[in-house]
Protein chains: 2
Amino acid sequence: MTVTSRDVAQLAGVSQPTVSRALRDDPRVSEATKERVRKAAERLGYVPSDAGRALSSGRTRRIGLLLTDLENQFYPHIIAPAFQQLESRGYQLMLHTEAADNDVVAERLISNGLDGVILATSTIDSVVPLRLRDRGLPFVYFNRTSAAVRADSAVVDPTEGMGEAAQVLFERGHRRIAAILGPANTSTAINREIALREALAQHGISIPAHYVHRGPFDTATGQAGTERFLNMPEPPTAIVCGNDVVAFGALNAARSAGADVPSDVSIVGFDDLPAASWPIIRLTTISYDLDAMVRRAADLLIERIESPSRPVEESAFQSRLVMRDTLGRID
Amino acid sequence: MTVTSRDVAQLAGVSQPTVSRALRDDPRVSEATKERVRKAAERLGYVPSDAGRALSSGRTRRIGLLLTDLENQFYPHIIAPAFQQLESRGYQLMLHTEAADNDVVAERLISNGLDGVILATSTIDSVVPLRLRDRGLPFVYFNRTSAAVRADSAVVDPTEGMGEAAQVLFERGHRRIAAILGPANTSTAINREIALREALAQHGISIPAHYVHRGPFDTATGQAGTERFLNMPEPPTAIVCGNDVVAFGALNAARSAGADVPSDVSIVGFDDLPAASWPIIRLTTISYDLDAMVRRAADLLIERIESPSRPVEESAFQSRLVMRDTLGRID
DNA sequence: CTATTATAGACATACGTATGCAACAACGAG
DNA sequence: CTCGTTGTTGCATACGTATGTCTATAATAG
């Protein structure tokens with residue numbers, strides 16, 4: 001039924017191993033034979049079997065990307081550049097989305113014969129990195145890291161962005177500043193909170209406990225937090241959000257409550273997703289080079305696969321504030 | 001290095017085939033032996049090799065989803081339910097994004113040892129369906145179909161939705177109606193255009209050529225089309241868009257041009273993406289059960305895989321208008 | 001007590017490719 | 001004329017699992 005390298009070998013009048021080598025452009029095969037083999041392969045419509053190749057070579061040239069919650073607008077923007085970068089280096093991307101982060105997930109990653117894994121949604125207490133390390137399966141942290149195992153990583157450094165945001169908030173007269181932060185077990189939420197608090201502290205501003213809302217990085221969290229804040233007797237004048245998706249939820253809540261942004265309340269995001277710059281949104285947010293970060297993660301992983309003993313490389317990307325229309329002035 | 005079924009067999013004191021059967025709960029193995037094997041597997045941390053399994057059984061339980069343009073907001077909403085549905089039926093999803101639609105793509109799909117493919121971005125002149133059919137690799141059309149090969153499909157029937165939209169547009173006094181349509185080589189663009197024109201014709205309205213703009217299903221198209229329309233000496237009072245993403249672009253263009261929606265121009269979308277119902281957007285659009293459609297596509301494919309000789313099933317999903325705030329009344 | 005059958009497991013082999021090693025031819029140097 | 005060298009190909013085998021067939025043991029019937 002299916003055409004194998006043996007069939008090609010027979011037609012070309014060579015042995016099966018020669019076909020294998022010829023089609024991968026092995027220098028040990030003469031140009032004349034290569035040409036003959038290619039012709040034969042073409043004529044039979046031969047397509048090498050990934051399974052056979054994987055079994056024999058022990059490598060699949062396949063890399064997993066582990067995500068939770070694909071519905072979140074943030075992740076599609078990772079997938080596309082990851083795909084491209086891996087492809088340009090001869091690897092394929094295999095998407096894995098899992099609600100939980102447990103042993104079953106780790107097993108699935110391992111059994112799939114992946115050459116490596118990009119972990120994009122690790123929590124600081126994830127078990128997956130441990131399992132992967134035990135198996136010797138290379139991986140890289142993207143965006144978030146886990147405390148359990150040290151590994152190559154590509155993350156954002158929120159310091160500059162939060163610094164600029166704090167500066168502008170202060171200059172524009174904001175003193176009552178609230179924050180809608182991500183889950184406490186994610187490195188991103190922790191780092192952004194620290195960066196924000198330190199930056200505000202430089203202007204003598206602190207965020208009281210009742211001005212802090214925590215939850216998953218989704219619109220519902222932004223919505224819930226903003227509703228809570230707006231209903232307070234003394235609402236904040238500005239809300240800094242853990243990311244853009246949360247900020248979109250905040251904008252929605254403000255609109256629903258009849259509060260004008262930015263004259264009633266200012267909102268700041270983080271990530272600068274494409275939608276943030278849409279004329280109907282114009283979100284003031286903190287930006288960084290997401291595509292470059294994805295590409296870096298892919299590169300780090302491939303280098304790790306190809307030379308496993310390299311020193312660990314932790315790569316941080318600068319961030320900066322992008323002023324648009326959702327951060328106003330207090331008179 | 002890696003633990004194989006042979007290692008487990010040795011530890012459990014049985015043969016390798018018995019391990020294979022025991023772990024897959026084959027009735028030919030006694031419960032006592034199964035238990036012993038499971039214990040041994042657990043103790044060694046055995047994880048079966050996908051490649052070995054694929055090579056031996058000829059099946060991978062892996063299904064490809066072929067997309068172009070992951071950046072488009074529409075597609076992530078397909079991926080998540082597809083993932084879930086396939087997983088619940090014991091299959092894994094393998095994402096393939098390709099800019100083009102050519103032989104190379106088909107070859108990649110074939111070599112990957114997929115059990116089947118979901119084609120989500122076929123054009124009517126796609127070559128991939130031909131190649132897959134020649135190879136005997138099962139596939140299903142999702143959303144769009146191709147004329148070249150008949151196959152199972154799950155698509156939207158735009159008739160009712162467009163009918164309701166035309167009705168409301170007419171009742172609210174719109175007579176100059178424009179359309180921003182998708183690429184002419186996609187079945188979705190064609191079907192929606194036909195449905196729209198027929199529905200408007202019932203009210204004696206036709207869309208003149210200069211009120212038609214065509215382009216890819218993205219925000220840029222919506223933006224460009226709307227700019228063009230708004231600059232006309234006699235601009236349309238309403239714009240029907242090929243999908244929501246296009247409509248978002250139209251909203252952006254209107255905002256940039258200082259045109260109020262809906263008092264200056266009305267906008268109608270198609271798909272009812274989650275963002276369409278956001279308070280800051282509130283897009284009037286045509287809705288259908290996208291998740292069910294995805295699940296249907298997955299089910300059709302799996303059934304095709306498991307019984308290849310079934311008759312072809314073409315599944316169409318009803319659509320309906322969802323009124324929100326972007327379709328106004330002409331006084 | 002023997003013949004028959006059911007049951008559980010072993011044995012052999014297949015799947016398709018990659019790779020170390022041996023074989024061979026052609027050739028030039030000594 | 002011999003020997004080493006270089007370049008090209010074939011041979012043998014490994015990768016890890018699944019499955020058809022065969023065998024040993026136990027259970028059952030006559």
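The chains referred to below are lettered A, B, ... by the order of the sequence lines, with proteins before strands, and numbering in each begins at 1.
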Length of the line joining [X]:[atom1] and [N]:[atom2], which is rounded to integer Å:
| X | N | atom1 | atom2 | value |
| --- | --- | --- | --- | --- |
| B/Lys34 | C/dA8 | NZ | P | 9 Å |
| B/Arg36 | C/dA10 | CZ | C1' | 14 Å |
| A/Glu31 | D/dT9 | CD | C1' | 16 Å |
| B/Asp26 | D/dT19 | CG | C1' | 10 Å |

Return the minimal non-hydrogen interatomic distance between B/Ser122 and B/Ser146, and the atom names on each side.
CB-CB, 4.4 Å

For residues 78-88 of chain B, please give each side-chain donor-acceptor pair under 3.5 Å, one per line with the distance, not counting sequence neighbours.
residue: B/Gln85; atom: NE2; partner: B/Asp299; partner atom: OD1; Å: 2.9
residue: B/Gln85; atom: NE2; partner: B/Asp299; partner atom: OD2; Å: 3.2
residue: B/Glu87; atom: OE2; partner: A/Arg108; partner atom: NH1; Å: 2.3
residue: B/Ser88; atom: OG; partner: B/Gln85; partner atom: O; Å: 2.8

Do the side-chain N and O atoms of B/Arg24 and B/Ser20 include a donor-acceptor pair separated by under 3.5 angstrom?
yes

Do B/Arg144 and B/Ser187 pair up side chain to side chain, a donor and an acceptor below 3.5 Å, judged on atom types alone?
no

Please enumerate all protein N or O atoms sitting under 3.5 Å from an N or O of nucleotides 17-19 of chain C, with distances to 0.1 Å.
residue: C/dT17; atom: OP1; partner: A/Tyr46; partner atom: OH; Å: 2.5
residue: C/dT17; atom: OP1; partner: A/Ser49; partner atom: N; Å: 3.1
residue: C/dT17; atom: OP2; partner: A/Ser5; partner atom: N; Å: 2.6
residue: C/dT17; atom: OP2; partner: A/Ser5; partner atom: OG; Å: 2.9
residue: C/dT17; atom: O2; partner: A/Ser56; partner atom: OG; Å: 2.6
residue: C/dA18; atom: OP1; partner: A/Arg53; partner atom: NE; Å: 2.6
residue: C/dA18; atom: OP1; partner: A/Arg53; partner atom: NH2; Å: 3.3
residue: C/dA18; atom: OP2; partner: A/Ser20; partner atom: OG; Å: 2.5
residue: C/dA18; atom: O4'; partner: A/Ser56; partner atom: OG; Å: 2.4
residue: C/dA18; atom: N7; partner: A/Gln16; partner atom: NE2; Å: 3.3
residue: C/dA18; atom: N6; partner: A/Gln16; partner atom: OE1; Å: 3.0
residue: C/dT19; atom: OP2; partner: A/Arg24; partner atom: NH1; Å: 3.4

Under 4.0 Å between a side-chain nitrogen and a carboxylate oxygen: does that hold for A/Asp50 and A/Arg62?
yes

Distance below 4.0 Å between A/Thr2 side-chain N/O and C/dG16 OP1 or OP2:
yes

List for me each residue that meets ring pair (Phe, Tyr, Trp, His ring centres under 6.0 Å) alongside A/Phe142, sequence neighbours excluded, and say none if there are none.
none

